[in-house]
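Before any comments, here is the structure.
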Amino acid sequence: MLKYVCKRIGLGIVSLFIIMTMLFVLIRMLPNPVVAVTGGYAKQLEDMRTAWGYYDPVIVQYGIFLKNLISDFNWGFCTTVGTFLQPVEEYLASKIPATLYINVLSLIFSVPLGIIFGVIAAVFKNKWQDQAINIFIMIFISIPSFVYAVLLQYIVGFQLGWCPLIMDSGTDYFSWTMFHSAIMPVLALSFGNIAGNMRMFRAELTETLTCEYMLLARTKGLTRTQATVHHAFRNSLVPLLPSLLAQVIYVISGSLIIEQIFAVPGIGKTYLASINMRDYSVFLAISMFYVAIGLAAGILFDLSYGIIDPRIRMGGNKTNEL
Amino acid sequence: MKKWIAVLLAAVMMLSLLAGCGKEEATPDQTSGSASAGTTTPAGTTKESTYTYHGTYSGVSTWSPTDWEISSEYDMLGYTVTVFYGFWMNETKDGYDIVPELAAELPVDVTAKYAGNETYGVPADATEGYAWQIKMRTNATWEDGTPITAHDVEYTLQQFLSPEMKNYRASLFYTGGTALANAEAYYNSDKAGEVILTCAADLGVAFASLSAGADGQYADADGNKAYIGWSVPVEWLYGYTLYEYSGYLTAEDYATLSGQVNEDGYIPATDETIGALFNMTSTWGETKDDLVNYMFCENIAKPITWDQVGYVEDDTYTFTVILKNPSSLFDFEMNIDNLLLVKEDLYEANKVDTGGIYKSSYGTSVDKFSSYGPYKIVSYQESKEIRFERNESWFGYSDDRYEGQYQTTGIVLQQIDEHSTQMWMFLQGNLDSVGLAAEDMEKYGTSDYVYYTPQSYTYYLSLNTGFDMLKSREVAGVNKTILTYIDFRKAMSYSFDRTDYVKSCTACSDPAFGLLNDSYICDPDTGATYRGSKYAQATLCDVYGVSSVEDLTGYNKEEASRLIQSAYDQCLADGNISETDIVEIEYHVYGTDSTYQKMVDYIQDAMLAAAEGTSLEGRIKFVLVEDQDYYTSMTNGQDDMINGAWGGAELDPYSMMICWTDPDYIMEYGFDPYQDLTISVQGEEITMSFNDWYQELYNGTYAIAELDVRNEILAGMEKGLLLNYHMIPIYSSCGASLASHRLVYGSEEYINSIVGRGGIQFMTYTMDDAQWAKYCAEQNNQLSY
């Protein structure tokens, strides 16, 4: 197991390096923004970019970047995005909390609800409860999140006045005003996840409930609830848990539009701006942040199978395989 | 047990969310926070009252005076600095007064004192415009109370021009109206002693003095080798590179030049490369003497110290700037306002080595900036919110001249990207103004609270009139060359009603008939507009065949029909169109969204209506083509029609002619700016090319002529361009916004581009924050506009 984990981490680092190299080169292949500048400021931009080595061969630039990264964990500084000259890692650290805040709240909200409604739908399969939940699933899976984000904002925020239209400023994430202002973005992020979790858990649990060992459990004298909770529920979690980990990635990368609609000062909208405004350092740092999370999540997915279901062993020799 | 914990957890979460959705009265102050109460009391303000302006902004990266780039960054500075000379809305609210602010009095021209000064290069016979002395007020301070003196000015200029920093705004003081003597050389002094390449024209090298050496490469009289700049900015090309103009080169000349570019982006100047370059520039009407503008000669960079730069500190509160080129008093007062000061201790403390250069992060956070204007920054959250409060250290709050101004006690700007969100926040009372989009105009276009702000940009249909390129793009059954017939283009101009067009296709624009709109001020002293001059009015009457500008519509369907038939007959007679061909005009636009579709549909319907009863009935078709590089396509003749637009330089309408008469700017393929144009100047008929007229008007004989003469020439040039019908003006852009129920601008009417409606300086409120919150709550936070 340890050997397998080390191997995966090693491969992850290699992947990270390859992706970082590709991104470093690709962003520099985009047209030079100085060309579009007129009014006499092109010279200063040229001078700045020259001093910062942007006109050196890419391999030289990459060498300097790697040296700074390895020796000082220095990702460069903000030039056109964020706060001018602020170290990129410091800048990202200031943006991540807002993104994490709404996404973590969204997960806390959507996972239990998804499971609860999934259980109800499975237990009451083909009854009206199941039908109602299926309608909910259909609606919230098929409609993109920005649509109900705007609807929420208009109805709940503007017409009813229950919540602020945009997220509160500041960094006091444990205050009531901040939580209150985050409700709508959290709901907008959650609807799709709730529906997805419900659908998946309903399908898994429905299948599990029809297994022979469930019949055996009932014949042993367990009640339907006891059999469902003690036997079916845990087995149904096996395929669900990796997908929950995937949602962590999905909600962080997918919150760009939600952040924009609710004026959340997070990392999502910064990413696009860094490409459009050619802030090489910010682009690379955010990209690597996403890539690192993706790779780490991939490793966790695989390991989680083994933890959830002890029958599954990762990276062992043949005697350990099923 | 576990299951109960799970159930309990879920229940708590549900309850917390439901509780969070509980309705409570949302008031503007909940989003704005409370602004601090002012300690002084402008007219109409009580000590207890706070007036917080809530607005939006579009993001900032730095508001350092030396490094700001975009307008929202400059807007931030606008609240926190005091300029030397303020342009204030005048009492009659129809113009402006120039008022010394950071300066104690108007600038004094002290050119005579520096005439013949070799250090600064002031000509011996100079009498005015080169050297200006400014006496500063003695009670101006930074927000911490530190006095502002001439030393701050000197320090700031040093930072702007620092060769070690290469600040973005450096060129404000080494080129243009406030270029200081020797400033550019000082900016480049980090290269002192090195062999550098400098534009031959700047070195004063004449083309005739260059000669080929033994290796074939040209050199100046001292043997310094000459090169052609290829991928380096060329000032003659307005900072663009020759490479970007390579589309004008023949394939053979392109191969000649591009094949010899060295790693620094220069081409050795030889007979072969100079010949290839001249093949292109000669088609623009340029001579061999002009080639030095594209050429660079080796030279040793000379060391320049700060002492040689055109700045002299006369005493603690008085300084003199010596300019590279002479400036009028008005231009100097206007341009010196670019000199926004930085506070030395903060600027120095935040300097960092960023590799090859030092940069300062001054102006990137509250603690890295010091205000010396009416407001100071009290909080800043990147990409989220900026808050300002009154800067009680500002001298203006105890100066009688500012009495009744700056009623606003606090400013909260939020970055809200979505227009719908902005609109709903405004309607709740959480914003004091909001810009309107096209879709809002039906509902709010006639509101009592809507304000229209004209912009200088005039949009027009740019037409390709180059026969060869149009012909090359024709396919069987399709004709495009009819665009080369002036009658057809004139018919297009007459075919639609501009007033109806702007109502149907734009948010709130004004119909346009000329190339320059009412934003252009020809006399800065009086604020008189070019469009209001008799010559400009006569031009429009002549072009559109009306006796008064009041009668202008630009629409004449019968005449359009006649002209379509006339153009068709000529085209048919010339064998350029068959009796079954369809005229297909490709309308290249940036993106094929509904707005553009509406525009093309409108123009097509108008032309089809005009073509009824003619031989082209039902045979004219406009095709919308998405082309993100549509300007370049038009310049190269690769499309038939685009939306052209030029604007800016509202105080210098004469300079705008460069856009339509200089080959480097002209977009409309097929228009020859070297064709003759005859203009009657004070009764004398004078003929020269469009391009020469521009040169004479802007840099030559008429550059310092009487206003009346300059207007007559400008109107003559505009008429000549309009009568060629390769540009058909349609509309002038106009911004629209809503102001909240409590907001009162200094002037209800938009005055001009300099003072607008008086800005925050003259803005007042009918309700303070508490009254406003109560008022909004009474309206259930659903305000009606």
Side-chain angles (χ1 to χ4, degrees), chain A residues 35 37-48 50-53 77-86 91 94-95 108-109 112-113 116 150 153-154 156-171 176-177 179-180 183 186-187 229 260-263 265 269-270 273, chain B residues 3 6 9-10 13-14 16-17 20-26 30-31 59 61-62 64 67 69 166-172 175-176 233 238-241 244 352 354-357 359-361 363-365 379 381-385 414-418 420-421 424-425 427-428 430 780-782:
Chain A
V35 169
V37 176
T38 56
Y41 303 115
K43 177 168 168 47
Q44 288 85 267
L45 274 182
E46 286 280 355
D47 288 343
M48 269 191 260
T50 303
W52 290 336
F77 52 85
C78 302
T79 55
T80 53
V81 170
T83 303
F84 188 54
L85 300 179
Q86 187 178 20
Y91 172 65
S94 73
K95 308 298 286 182
I108 292 173
F109 182 57
L113 280 184
I116 289 167
V150 174
Q153 201 176 37
Y154 179 68
V156 180
F158 178 61
Q159 290 291 353
L160 300 173
W162 288 356
C163 295
L165 288 166
I166 58 172
M167 195 159 152
D168 202 20
S169 59
T171 54
W176 164 248
T177 52
F179 178 74
H180 187 206
I183 288 174
V186 167
L187 285 177
V229 172
Q260 186 158 316
I261 290 172
F262 295 103
K269 61 182 180 181
T270 306
Chain B
K3 67 182 178 185
L9 185 65
M13 283 168 47
M14 288 295 290
S16 66
L17 275 166
C21 289
K23 179 165 182 169
E24 61 185 64
E25 285 187 355
Q30 284 179 320
T31 56
S61 178
T62 172
S64 167
D67 279 297
E69 288 189 32
K166 304 296 182 193
N167 283 322
Y168 186 78
R169 291 283 158 186
S171 61
L172 284 173
T175 61
Y238 305 94
Y240 287 99
T241 64
E244 291 166 78
V352 286
T354 62
I357 49 175
K359 303 296 292 179
S360 176
S361 55
T364 56
S365 67
S379 74
Q381 186 178 8
E382 200 274 327
S383 75
K384 181 64 182 169
E385 187 186 85
Q414 297 182 84
Q415 187 172 337
I416 304 168
D417 298 328
E418 291 297 309
S420 57
T421 312
W424 293 329
M425 287 189 70
L427 294 173
Q428 285 188 333
N430 289 321
N780 200 28
N781 290 103
Q782 304 271 317

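No experiment lies behind these values; they were computed from the predicted model shown. Residue numbering restarts at 1 for every chain, and letters A, B, ... go by the order of the sequence lines. Worth knowing before you read on, the calculation uses all heavy atoms, side chains too, and leaves out hydrogens, waters and symmetry mates.
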Can you tell me how far [atom2] of [Y] sits from [atom1] of [X], rounded to the nearest 0.5 angstrom?
X      : Y      : atom1 : atom2 : answer
B:K384 : A:K95  : NZ    : NZ    : 10.0 Å
B:Q381 : A:T83  : CD    : OG1   : 10.5 Å
A:I166 : B:Q415 : CD1   : CD    : 10.5 Å
B:I357 : A:T50  : CD1   : OG1   : 9.0 Å
A:Q86  : B:S61  : CD    : OG    : 9.5 Å

Carefully, step by step, assess A:F84 and B:E69 under the rule side chain to side chain contact (heavy atoms under 4.5 Å, CB included).
-> CA-CA 11 Å; A:F84 188 54; B:E69 288 189 32; 5.9 Å; no

Count the heavy-atom pairs under 4.5 Å between each of B:V352, B:L427, B:D417, B:I416 and chain A, then report the option with the highest count.
->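 Winner by heavy-atom pair count: B:D417.
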
Largest heavy-atom contact set with chain A, pairs under 4.5 Å, which of B:K166, B:E418, B:E382 =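 Looking at each option in turn, the highest pair count goes to B:E382.
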
Do B:K359 and A:F77 have side chains that get closer than 4.5 Å, going by heavy atoms?
-> no

With a 4.5 Å heavy-atom cut-off, do A:M48 and B:T354 have their side chains touching?
-> no

Measure distances from A:Y154 to the heavy atoms of chain B and classify the residue's part below 4.5 Å as side chain, backbone, both or neither.
->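 Contact with chain B: backbone and side chain both.
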
Give, as side chain, backbone, both or neither, the part of B:D67 having an atom under 4.5 angstrom from any heavy atom of chain A.
->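 Just the side chain, heavy atoms under 4.5 Å.
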
Where on B:S360 is there a heavy atom nearer than 4.5 Å to chain A: the side chain, the backbone, both, or neither?
-> backbone

Is it the case that A:S169 and B:Q414 place a side-chain donor and acceptor less than 3.5 Å from each other?
->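 Distance-only check fails for A:S169 and B:Q414.
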
If you look at every heavy atom in B:Q782 and A:F158, which pair is closest and at what distance?
->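 Looking at all heavy atoms of both residues, the closest pair is NE2-O, 2.6 Å.
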
